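Since the structure comes first, as structure tokens, the remarks are kept for the end.
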Amino acid sequence: MHRNLHSLVTITFLFPFISQALYAQQMVFPAVIDDGLVTLDTLVSEYVPSMAAEYPEVTPRHCVTHTSGYVAQDEIYPPSSSRPEGPEDPFTPGSPLFNPPGSQYAYANTPLTQMMNVLTRVIGEPIQDFFQRRIGDTIGLEAGSWDWGHYETSDRLLVDGGGGDLHRGVIICAEDLARLGHLHLNQGIWDGHEVLSPEWIAEATRVQVPVSVPRHPLSPVDGPGEYGYGWWIGSNWYAASGYENNFMLVYPDWNLIVTILGHNNANLPGWGGFINQVKAAIMGTSVWDENGDGRWGDIDPISNNSRWLTEDGHTLLVYPERQLGNAIVKSDTVSVDMDHTVNSLTIDSGTLSIADIGNLSGDIVRINVNGSLMVSGKLRATTAYDFGILSIAETGVLEAASTCVNSGGLLTGSGKIIGSLSNYGSVPPGTSTAILDISSNYTQYAAGMIEIEIAGTQPGSEHDALVIEGSAKLDGHLEIVLDPLYTPLLGDEIEILTALGGVSKTFATVDGVETMPDLSLAVLYEPNRLVIRGTLPGDSNTDNDVNEDDFQIWHGNYGVVSGKTWQTGDNDGDGDVDGNDFLVWQRSFGHHTTHESLAVTVPEPSSTLLIALGISGWFGYLITKTAINGR
């Protein structure tokens, strides 16, 4: 199938397919490897000695996966619109973009052109001539019907463009481009003759850049988890992508090649609907069209990531047969109502809803939530990064070895998280009061915050809680939010966190401790749990009596500016022990309750005043002495 975007042309019309030079290069590699001339792990410096100084460890494998870090001497990186043709001399090395090779991903044409330099030196003739003889003649690609732009090196060798900088790419028609796709579709076999190794085809069209390799900050394109040897990889397709929306897509399961050539640098609206119609015709499956007007959500497998898009005001239901490699929710709402498998998932600015019976699982290695993700079914992945809003409904399960709520991110809900949870953002369990279950460890960092709503003493139905099957390591902020209809009583005990593996460290600050003159909400740390208790203000040892013992606790910790709790004299929850905490104790000094009654008993005013004045005098002396001593 061919689709030409330029009017009044045929499938034999020639177009410059700039980046397609890369895919043609990948067909040269196995032929050269079969001849025993080079391997993917040969050092490039063996053939280009100038690479030895700055790039001694770079191999062809690094170059063809964009992980070499190679930058030419006069190259502008990232590519500049003022230099679309690339550097004038791509062969003289500049300083590396990163080291060591293989440690980062940075999409670039120049390393691929340097690779063409290596292959040309190995073969001893222009790559176009070698390609025509070894591959083109066999598959019916006529000499003269296509062209490969080239450079001229200092030693007069013609080196064809590797990545296809402007004017140095492959100029080809849709029909001949489809021949190259057909060769891959048939696992390198043409009319019974093995042109390319089936083993090479299998390797080239699977992911070769793992998601663990970070994308370089300047890279204009994301590739980890999506890139093979020159091919963009999906779950049931792989694609050659070129400048100005030129593409070749191979769908092995559908026995289909689609080529798109033309001059169109704009987005292609409706492309996902077109592919869905093709799929329906081939496989007899239904496609979604809400109003019967031919408008589909745009499932776009030709970009760097497959995108689940919806047109304004529409909702796309992804049906059971749909499986995508890398999904990005761009707008509106996408609902998944059955089992699906994807490679990585990004919620961009829209909302993805995993329905009650939904199960998005299998090969997901990374979830990025920038918009909103609602899980009420089951969602399984290796890692989940939350920069937006991640909601786990009561019926929902998020299974990931590691879930991270990043700065600005919010995780809420009452379901279950299988795996560890790290919090640099905000975790308010539930939309009202709820229990959030975590199967492994919970770590809250200095920037993190957890919010606990309290409307009573019953966990889940009346107050929020975290149930942690591993350990809890705490820092950051705790926000206590009282329901305006609930008035806590002295002695009320509210268990807000349990951790079977133990609780270590403390929140740096707590808001909501002081509620009324004769009541505070003390956050008490125990080996395996955190409890909020209705307590007399200043009663640090929680013995229902504000007396000298509590003063001694305050005195022993006075001046410590961080890491302090109610139990160590921090009566106002700000993490330090200072004069404000003394004033809380002073106002309540002498108040006590009995075990039989929680009524507050106040001593005679005269004695209270006398004691308070005495302590105030000592406190003034202490502050004066502290100032003099420079403490």
Side-chain angles (χ1 to χ4, degrees), residues 405 410-414 421 423-436 438 442-468 472-499 503 505-526 528-542 562-578 580-581 583-585 587-588 598:
V405 183
L410 183 147
L411 185 150
T412 186
S414 55
L421 176 62
N423 180 20
Y424 297 85
S426 178
V427 177
T431 53
S432 55
T433 56
I435 295 175
L436 184 62
I438 303 167
Y442 175 74
T443 304
Q444 181 163 308
Y445 293 87
M449 187 270 281
I450 187 167
E451 178 183 292
I452 298 294
E453 290 184 85
I454 300 176
T457 59
Q458 296 301 311
S461 61
E462 294 182 333
H463 71 79
D464 293 330
L466 291 184
V467 175
I468 302 165
K473 186 176 181 180
L474 304 176
D475 200 345
H477 184 66
L478 169 65
E479 183 82 17
I480 301 172
V481 179
L482 279 183
D483 187 302
L485 299 180
Y486 169 63
T487 300
L489 301 175
L490 286 168
D492 277 1
E493 187 169 287
I494 301 157
E495 187 177 73
I496 64 169
L497 183 150
T498 59
V503 177
K505 299 189 70 176
T506 64
F507 294 112
T509 56
V510 179
D511 267 355
V513 170
E514 297 181 88
T515 63
M516 56 190 72
D518 58 352
L519 179 74
S520 286
L521 294 179
V523 179
L524 306 179
Y525 294 82
E526 300 181 6
N528 294 96
R529 68 173 192 157
L530 259 69
V531 173
I532 295 176
R533 183 177 300 160
T535 307
L536 292 171
D539 184 13
S540 296
N541 60 8
T542 63
S562 66
K564 289 306 170 182
T565 68
W566 180 273
Q567 291 148 297
T568 53
D570 178 23
N571 296 322
D572 59 5
D574 63 357
D576 61 19
V577 178
D578 58 12
N580 291 326
D581 303 300
L583 293 176
V584 173
W585 172 86
R587 285 193 297 269
S588 295
L598 291 176

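Start at 1 with the first residue, then count along the sequence. Please read all numbers here as calculations on a predicted model, not as lab measurements.
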Contact summary for [X] and [Y], nearest pair of heavy atoms:
{"X": "D578", "Y": "D576", "value": "OD2-OD1, 3.4 Å"}
{"X": "T568", "Y": "V577", "value": "O-CG2, 3.5 Å"}
{"X": "T433", "Y": "D464", "value": "CA-OD1, 3.0 Å"}
{"X": "P429", "Y": "A434", "value": "CB-O, 3.9 Å"}
{"X": "G534", "Y": "L521", "value": "CA-CD2, 4.3 Å"}

Stepwise side chain to side chain contact (heavy atoms under 4.5 Å, CB included) check, S540 with N571: CA-CA 7 Å; S540 296; N571 296 322; 3.4 Å; yes

Please report, to 0.1 Å, the donor-acceptor pairs under 3.5 Å made by any side chain of residues 444-457, with sequence neighbours excluded.
{"unit_1": "Q444", "atom_1": "OE1", "unit_2": "N423", "atom_2": "ND2", "d": "3.3"}
{"unit_1": "Q444", "atom_1": "OE1", "unit_2": "Y442", "atom_2": "OH", "d": "2.5"}
{"unit_1": "Q444", "atom_1": "NE2", "unit_2": "G448", "atom_2": "O", "d": "3.4"}
{"unit_1": "Q444", "atom_1": "NE2", "unit_2": "D475", "atom_2": "O", "d": "2.8"}
{"unit_1": "Q444", "atom_1": "NE2", "unit_2": "H477", "atom_2": "O", "d": "3.1"}

Spatial distance of atom CG (L421) from atom OG1 (T443) [nearest 0.5 Å]: 8.0 Å

Euclidean distance, H463 NE2 relative to I435 CD1, rounded to 0.5 Å: 7.5 Å

Step-by-step side chain to side chain contact (heavy atoms under 4.5 Å, CB included) determination, T498 to N528: CA-CA 6 Å; T498 59; N528 294 96; over 6 Å; no

Compare all side-chain heavy atoms of [X] with those of [Y] and state whether any distance is below 4.5 angstrom.
{"X": "V523", "Y": "I480", "answer": "yes"}
{"X": "N541", "Y": "W566", "answer": "no"}
{"X": "I468", "Y": "I438", "answer": "yes"}
{"X": "L482", "Y": "P488", "answer": "yes"}
{"X": "T412", "Y": "L410", "answer": "yes"}
{"X": "T542", "Y": "L524", "answer": "yes"}
{"X": "L489", "Y": "L519", "answer": "no"}

Qualifying residues under salt bridge (Lys or Arg N to Asp or Glu O under 4.0 Å), relative to E526, sequence neighbours excluded: R529

Positive for side chain to side chain contact (heavy atoms under 4.5 Å, CB included) with L530, one of T506, I494, L497, L466: L497

D572 vs V513, side chain to side chain contact (heavy atoms under 4.5 Å, CB included): CA-CA, chis, key distance, verdict: CA-CA 6 Å; D572 59 5; V513 170; over 6 Å; no

For P537, side chain to side chain contact (heavy atoms under 4.5 Å, CB included) partners two or more places apart: S520, V584, S588

From CA spacing to verdict: side chain to side chain contact (heavy atoms under 4.5 Å, CB included), F507, L474: CA-CA 6 Å; F507 294 112; L474 304 176; 4.0 Å; yes

